Student: 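Below you'll find the structure I mean.
Here the structure is a predicted model, which is why all the values come from computation and not from measurement.
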Amino acid sequence: MSKAIEVEDLVKVYRNGTRAVDGISFSVDEKEIFGFLGPNGAGKSTTIKTLVGLIRATSGTLRLRGVDIHRHPGEIKRQTGYASQETAVDDRLTGWENITLQGHYYHLPSKEIAQRSEEVLKIFDIYERRKDLADSYSGGMLKRIDIALALIHRPAVLFLDEPTLGLDVQTRTMIWSYIDKLRKEYGMTIFITTHYMEEADALCDRVAIIDHGRIQALDRPGVLKQQIGGDIITVRFSASNDGAIPALIEAIQGLTNIKEVGPAQDGIYRIIAVRNGDQLIPKIVELGEQHAVATESIRLRRPSLDDVYLKFTGREMRDEEGSREKIGKNRRTQRRLNR
Amino acid sequence: MTIFSDIWYVAKRELIKFTRARVRFAVNLIQPLIWLGLMGNMMKGMTNAPGIGKMLGTGNYLAFMTPGIIVMTVLFAGAFGGISIVWDRRIGYLEKLMAAPIARGSIAFGKMLSTMLQVGTQVVVVMIIATILGVHIVTGLPGCVVILLIAMVFSLILSGFSLSVSATMKTMETLMALVNLVTLPLMFASSALFPLKVMPGWLAAVAKFNPVTYAVRPMRELTLYGWNWAKMAPSLGIVVGLAIVFLLIAQFTFQRATTE
Ligand SMILES: Nc1ncnc2c1ncn2[C@@H]1O[C@H](COP(=O)(O)OP(=O)(O)O)[C@@H](O)[C@H]1O
Ligand SMILES: [Mg+2]
């Protein structure tokens, strides 16, 4: 059986010379939820846009359910649904107008459009509000209807580009439950990009970590986390003597079961243990005392995708405040235009 | 042919919003009223002087002005016809359209069609107001229909221009500035408000290269004199020709601007 998505050596260089995607290969199985995890500018949107036929790949082979994307763009468009990171809902139309127009863009007969619109709006709990202008919808509702729009033609593969960008934590969790529902009810293949670690962890069967246009790691979230090691100990030291802490770090590296020791941020050190992190804690504190270093705080936790991300990109992930601002700005402009 | 339905649904979206924007519609109504009322009154004294009436070709300055106001309406509404593209690009709607299997060309054509229909309703309003104010269009209802058609075809020149510019623009402010820069001179350097005969020589010369002049000319012929096809043909040819040219330019620039 053919894969839902097959990508081989995809490269995309924009006209201005930006090498947004730099030779990536992966494949997605039917009915899989596959995540692309990476910071802003990693090349996530670019990859999605080549897959839905919005931009042309510079080189590489792209197949969707065995069909070549460049050779049969029309066929591809009918099989894919796409919700962009911008939440492209027309605020000055009602929910119902938005979705029925979408149905017409996909050349569905009017009767079918009415039926399906009702169906998808009900799935996303917007049916009751269908006659209101989208202008009056909350951010979460806008995102929900945006995803609903992408489903009107019953695509086999759904592409969601940062579906929870700029939403608050509760709304984000709610969107996840809807996405999960889609998989359960339709058995749909879903390709999702995100820069929220918890999102990839909660939703995806497999995750690719992408940075600088390259895939840095690809596997099931659990496997990726295992690669990190058994336990992570974060600890804050304080010492009056400058040389004391480096000496202590060296000593800690000499303990058994230690995989890696390094500074994380703000004077906090991250110690990765192969196993039995709990038994290491007293030893670390004791070593500290021997080196005249006080242990201010110490914490043990299981590795998260955050740690995986840090390992493969060398960066911490943070929520993007800038993007939220951009959404706000867009909505403000839109409101201004209504008058 | 799905392209026709594609064009229609792209246009329909704009038309729904057009009918919903009540304030804008009211402004569209009031604007020609002000122009006709104000200009009509201002010029009354002037047209009472014997020589002027002869120059205008009518004793009724309002009748002379009506085609001018119609063209002006088309000029402004048409020049903003592409602005929705800037917006659509901004909110990502353009991508949404392009991710759908609609014919690529239908986006630009759909926008132009919607502008054309919006302009059409505005022109009908102007003609009704003019009639109420006592303007008699000598060719009657058939003449009105032809005037409407000319206005709609003329709108393609402007919306085509507007779309071509908008396709490459990132902000609306730039487009608005550009539209103002272009429309006002087009308006005044034409025979829309004053006959070429009363213009300074250089301005009249400029007006001869202004498409607005050629849109006004047949409309004025139909309003003031009657069915003189032979006299109208060159102007009509120019308007239709330019409309086709701008239709193609818009299509071409739009395709280019949206291909990456
Ligand atoms: N249309 C474009 N033209 C030129 N460069 C672009 C364009 N779109 C994105 N880029 C650049 O390509 C890189 C990857 O962008 P993108 O795929 O949007 O990343 P992500 O979605 O992961 O944030 C960035 O450096 C971005 O600035
Ligand atoms: Mg992106």
Side-chain angles (χ1 to χ4, degrees), chain A residues 12-16 20 45-46 48-56 58 73-94 97-98 100-107 133 146 149-150 152-153 155 159 161 326-327 329-331 333-334 336-339, chain B residues 1-27 80 83-107 110-111 114 168 170-176 255-260:
Chain A
K12 175 63 193 180
V13 182
Y14 282 110
R15 267 193 231 148
N16 66 4
S45 298
T46 304
I48 280 207
K49 285 177 195 175
T50 55
L51 284 168
V52 297
L54 279 173
I55 56 179
R56 288 189 74 87
T58 308
E75 165 77 16
I76 295 301
K77 285 178 172 183
R78 260 172 266 277
Q79 297 221 24
T80 53
Y82 168 59
S84 73
Q85 98 191 31
E86 278 100 356
T87 311
V89 177
D90 195 330
D91 273 33
R92 286 174 293 166
L93 297 177
T94 64
E97 285 161 350
N98 264 297
T100 49
L101 276 173
Q102 185 78 7
H104 287 296
Y105 300 151
Y106 281 86
H107 307 140
L133 285 185
D146 194 34
L149 292 180
I152 188 76
H153 56 291
F159 291 89
D161 197 357
K326 207 174 127 198
I327 287 180
K329 195 174 132 215
N330 281 349
R331 303 215 61 212
T333 338
Q334 188 144 9
R336 200 177 59 213
L337 221 86
N338 286 336
R339 300 293 96 89
Chain B
M1 285 296 278
T2 53
I3 183 155
F4 294 114
S5 95
D6 290 345
I7 292 175
W8 168 243
Y9 286 109
V10 170
K12 188 180 172 189
R13 168 169 166 249
E14 300 300 329
L15 293 172
I16 294 173
K17 293 194 272 190
F18 175 68
T19 54
R20 198 161 279 155
R22 300 246 161 77
V23 177
R24 190 170 69 181
F25 197 77
V27 169
F80 282 107
I83 204 160
S84 62
I85 284 279
V86 183
W87 183 246
D88 283 356
R89 180 197 288 273
R90 193 91 158 292
I91 66 166
Y93 205 95
L94 196 56
E95 267 190 355
K96 185 170 239 119
L97 282 171
M98 291 193 305
I102 62 172
R104 195 72 176 282
S106 61
I107 300 175
K111 296 281 181 189
S114 88
T168 57
K170 295 278 184 291
T171 68
M172 304 212 195
E173 287 74 15
T174 334
L175 181 71
M176 296 212 190
Q255 299 278 359
R256 254 191 75 101
T258 52
T259 310
E260 176 56 84

Student: For the candidates A:Arg15, A:Arg56, A:Gln102, which exhibits the highest count of non-hydrogen atom pairs separated by less than 4.5 Å from chain B?
Tutor: A:Arg15
Student: Regarding A:His107 and B:Asp6, do their side chains bring together a donor and an acceptor under 3.5 Å, going by distance alone?
Tutor: yes
Student: Between OG1 of A:Thr87 and CD1 of B:Ile91, what distance do you get to the nearest 0.5 Å?
Tutor: 10.0 Å
Student: If you apply the rule side chain to side chain contact (heavy atoms under 4.5 Å, CB included), what do you find for B:Tyr93 with A:Asn98, and how did you get there?
Tutor: CA-CA 11 Å; B:Tyr93 205 95; A:Asn98 264 297; 4.1 Å; yes
Student: In Å and rounded to the nearest 0.5 Å, what is the CG to CG distance from A:Leu54 to B:Leu94?
Tutor: 9.5 Å
Student: Shortest non-hydrogen contact from A:Lys77 to B:Ala100?
Tutor: CD-O, 3.6 Å
Student: Side chain from CB out, backbone as N, CA, C, O: work out which of these in B:Leu97 comes under 4.5 Å of a heavy atom of chain A, or both, or neither.
Tutor: side chain
Student: Given 3.5 Å as the limit, does a donor-acceptor pair link the side chain of B:Lys96 with the main chain of A:Ala150, or not?
Tutor: no
Student: After noting the C-alpha distance and the side-chain angles of B:Glu260 and A:Lys12, does the key distance pass the side chain to side chain contact (heavy atoms under 4.5 Å, CB included) rule?
Tutor: CA-CA 10 Å; B:Glu260 176 56 84; A:Lys12 175 63 193 180; 3.7 Å; yes
Student: May I ask you to decide whether A:Arg92 forms a salt bridge with B:Glu14, counting only side-chain N to carboxylate O separations under 4.0 Å?
Tutor: no
Student: Does any heavy atom of chain A fall under 4.5 Å from the side chain of B:Ile102, the backbone, both, or neither of them?
Tutor: both
Student: Crowded around A:Tyr14 OH? As in, over 12 foreign heavy atoms under 6.0 Å?
Tutor: yes
Student: Give a yes or no on whether a salt bridge exists between A:Lys49 and B:Glu95, defined as a side-chain N under 4.0 angstrom from a carboxylate O.
Tutor: yes
Student: Please classify the contact between A:Ile76 and chain B as side chain, backbone, both or neither, with a heavy-atom cut-off of under 4.5 Å.
Tutor: neither
Student: Check B:Lys12, B:Arg20, B:Lys17 against A:Glu97 for a side chain to side chain donor-acceptor pair (under 3.5 Å) and give me the one that passes.
Tutor: B:Arg20
Student: Can you check whether A:Tyr105 reaches B:Arg13 side chain to side chain, under 4.5 Å on heavy atoms?
Tutor: yes
Student: Which bit of A:Leu93 comes within less than 4.5 Å of chain B, counting heavy atoms only: side chain, backbone, both or neither?
Tutor: both
Student: Measure distances from A:Glu75 to the heavy atoms of chain B and classify the residue's part below 4.5 Å as side chain, backbone, both or neither.
Tutor: neither
